[in-house]
Amino acid sequence: MTNSSTNNLTYTAITLDDVTALMPIENACHTHPWTEKLFQSCVGGRYFGEYAQAIDASGNSKIIGFYIGEYILGEATLMNICVNPIEQGQGFGNALLTQFITQAKNLGGEQLWLDVRTSNTPAIMLYINHGFTEISRRTGYYPTATGYEDSIVMGRKLVS
């Protein structure tokens, strides 16, 4: 297990043993969250991911959020990224996305991909600020309480 520190965060590779501890953040971030079984299926093999921890005012370590990526033949896809809702708005999403991009480069990634809900303006702006551009849209991709919502497919080339 490799740790590195960036922006006062410590990143740790996600293992199957971590999934149960990360599920409360997953559930708090999404109206239709991944199941624990689906989350577990995205650990290891072609998948890579890390969770971020910070030290709180009392000196205790707390999990801030995580990302899951998939790497295949030079292409990395951001499958999931979550920041605990009580920690949002402090730049942690930016830090996690930066860490995802760094790890994708380390794996040899040349192209990055992601999907984002059309209604998720803060995430869209985060991705644009990291050089992602809209490639296409998927109609009815994400479930909602009243039906389905479109996805924006975004991409970015990595420069070596």
Side-chain angles (χ1 to χ4, degrees), residues 1-72 76-104 106-107 109 112-130 132 138 140-154:
M1 199 177 302
T2 304
N3 292 344
S4 65
S5 181
T6 306
N7 297 336
N8 297 320
L9 295 177
T10 301
Y11 297 93
T12 304
I14 296 172
T15 68
L16 289 173
D17 293 336
D18 301 316
V19 173
T20 301
L22 297 174
M23 283 305 297
I25 296 172
E26 170 69 14
N27 290 329
C29 288
H30 299 293
T31 58
H32 293 79
W34 282 1
T35 64
E36 192 165 339
K37 184 176 180 180
L38 176 59
F39 199 143
Q40 290 170 340
S41 75
C42 294
V43 175
R46 68 181 188 258
Y47 298 99
F48 64 102
E50 295 174 293
Y51 63 89
Q53 290 180 290
I55 305 299
D56 67 17
S58 304
N60 299 314
S61 180
K62 62 180 178 175
I63 297 175
I64 299 296
F66 66 89
Y67 74 85
I68 298 286
E70 178 184 39
Y71 178 80
I72 301 173
T77 301
L78 182 64
M79 303 296 292
N80 197 345
I81 187 168
C82 294
V83 173
N84 189 331
I86 63 171
E87 305 293 346
Q88 291 178 2
Q90 301 178 60
F92 294 128
N94 183 63
L96 280 164
L97 183 59
T98 298
Q99 187 69 8
F100 162 76
I101 293 167
T102 298
Q103 292 304 332
N106 291 343
L107 290 169
L112 300 178
W113 300 102
L114 61 86
D115 278 271
V116 60
R117 289 178 181 270
T118 55
S119 64
N120 193 346
T121 304
I124 294 166
M125 294 311 300
L126 173 66
Y127 301 140
I128 289 171
N129 288 335
H130 277 268
F132 286 85
R138 299 180 208 256
Y141 187 76
Y142 287 109
T144 67
T146 58
Y148 290 89
E149 177 179 0
D150 292 352
S151 154
I152 299 172
V153 178
M154 301 184 85

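As a basis for the values below, the full set of heavy atoms in this structure was taken, side chains included, without hydrogen atoms, waters or symmetry mates.
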Please report the closest heavy-atom contact between A123 and V116, naming both atoms and the distance. CB-CG2, 3.9 Å
Looking at side-chain heavy atoms only, is the closest gap between Q90 and I64 below 4.5 Å? no
Would you mind listing every salt bridge (charged side-chain N to carboxylate O under 4.0 Å, His left out) that reaches into residues 116-129, with sequence neighbours excluded? R117-E149
List the residues meeting ring-ring contact (aromatic ring centres under 6.0 Å, His included) with F100, not counting sequence neighbours, and say none if there are none. F48, Y67
Please enumerate all residues that pass salt bridge (charged side-chain N to carboxylate O under 4.0 Å, His left out) together with D150, with sequence neighbours excluded. none
Do the side chains of P33 and M23 get nearer than 4.5 Å, heavy atoms only? no
Supply the atom-to-atom distance L22 CG to I68 CD1, rounded to the nearest 0.5 angstrom. 7.5 Å
Single hit among F92, F39, Y11 for ring-ring contact (aromatic ring centres under 6.0 Å, His included) with F66: F39
Below 4.5 Å, heavy atoms only, C-beta onward: do F132 and L126 meet side chain to side chain? no
With a 4.5 Å cut-off on side-chain heavy atoms, are H130 and N94 touching? yes
Qualifying residues under ring-ring contact (aromatic ring centres under 6.0 Å, His included), relative to Y71, sequence neighbours excluded: none
If I compare all heavy atoms of A52 with all of L96, which pair ends up nearest, and what's the gap? CB-CD2, 3.9 Å
Closest approach of H30 and C82, non-hydrogen atoms and distance? NE2-SG, 3.2 Å
Could you measure the distance from the NE2 atom of H32 to the CG atom of N27? Nearest 0.5 Å is fine. 12.5 Å
Begin from the C-alpha positions of Y142 and T118 and carry the test side-chain contact (heavy atoms from CB on, under 4.5 Å) through to its verdict. CA-CA 9 Å; Y142 287 109; T118 55; over 6 Å; no
Closer than 3.5 angstrom, by distance alone: can the side chain of Y141 be matched with the main-chain N or O of V153 as a donor-acceptor pair? no
Can you find a pair of side-chain heavy atoms, one from L112 and one from L78, that are under 4.5 Å apart? no
How far apart are the closest heavy atoms of L38 and T35, and which atoms are they? N-OG1, 3.0 Å
Donor-acceptor contact below 3.5 Å, side chain E26 vs main chain W34: yes
If you measure from CG on N120 to CD1 on I152, what distance do you get to the nearest 0.5 Å? 9.0 Å
Just verifying a value: how many Å separate L9 CG and Q53 CD, rounded to the nearest 0.5 Å? 9.5 Å
If you look only at pairs with a residue in residues 77-89, which of them pass as a salt bridge (charged side-chain N to carboxylate O under 4.0 Å, His left out), with sequence neighbours excluded? K62-E87
List in chain and number order the residues that pass side-chain contact (heavy atoms from CB on, under 4.5 Å) with R46, two or more places apart in sequence or in another chain; answer none if no residue qualifies. E70, I72
Got a second to check how far I63's CD1 is from I25's CD1, nearest 0.5 Å? 5.5 Å
Could you tell me the separation between the CG atom of D18 and the OG1 atom of T12, rounded to the nearest 0.5 Å? 7.5 Å
State whether the side chain of T144 and the backbone N or O of T146 hold a donor-acceptor pair below 3.5 Å, judged by distance alone. yes
Heavy-atom pair of closest approach, residues T31 and P143: OG1-O, 4.4 Å
